[in-house]
Amino acid sequence: MGGVPETHTGWTFLTNHARVLAAIAEDHTTRIRDIAARCRLTERAVQKIISDLEQDGYLTHTRQGRSNEYRIQTGTLLRHPADSNLTVGDLLSLLAQHDRRHGDQDAQRQTEPSHAGGPEADH
């Protein structure tokens, strides 16, 4: 886990800020190290993103012993003018729906019998 994340060139549909927020939404007590691994970012980048999200009112945290517990402000509107009628909660809901469908598809693939020779092997 301590390695440098893979580099990526080009653009992506989701920003690193959205990825970090989605990771926190999945587990409100997740560690920065785990967010970094999941999002393929450095821990320092995750710390900066969390700071950005807190500064702009999308996220707060409270200290729980040696850990942080994050609270997402789901009613906060997205920043881009074209998305000004959508909230953080709307975005996270959409991402969670995708994850549920994707997870269901993965589980189905794992339970289907394997046909090494393909459909023709059954004949």
Seminar exercise, completed: Value for CG (L86) from CG (L94), rounded to nearest 0.5 Å, stands at 9.5 Å
Exercise. Quick one: are N16 and L41 in side-chain contact, heavy atoms under 4.5 Å?
Worked result: yes
For this session: Would you mind checking if K48 and D52 are paired as a salt bridge, meaning a charged N to carboxylate O distance below 4.0 Å?
Result: yes
Problem set entry | L59 CG to H17 NE2 distance, which is reported to the nearest 0.5 Å | 10.5 Å
Exercise. Would Y70 and H61 count as a side-chain contact (heavy atoms from CB on, under 4.5 Å) if you check the C-alpha gap in whole Å, the side-chain angles of each, and the deciding distance to 0.1 Å?
Worked result: CA-CA 4 Å; Y70 298 98; H61 79 275; 3.6 Å; yes
Exercise. Taking the side chain as C-beta and beyond, is there a heavy-atom pair between I50 and I24 under 4.5 Å?
Worked result: yes
For this session: Would you mind checking if E26 and R38 are paired as a salt bridge, meaning a charged N to carboxylate O distance below 4.0 Å?
Result: yes
For this session: Could you go through the side-chain contact (heavy atoms from CB on, under 4.5 Å) check for T12 and R19 one step at a time?
Result: CA-CA 11 Å; T12 62; R19 291 178 194 284; 3.9 Å; yes
Exercise. Any side-chain heavy atom of L21 within less than 4.5 Å of one from L53?
Worked result: yes
Problem set entry | Main-chain N/O of P81 paired with S84 side-chain donor or acceptor, under 3.5 Å | yes
Exercise. Taking side chain as C-beta onward, heavy atoms only, is T87 less than 4.5 Å from T76?
Worked result: no
Exercise. Does any N or O in the side chain of D56 come within less than 3.5 Å of the main-chain N or O of Y58, such that one atom is a donor and the other an acceptor?
Worked result: no
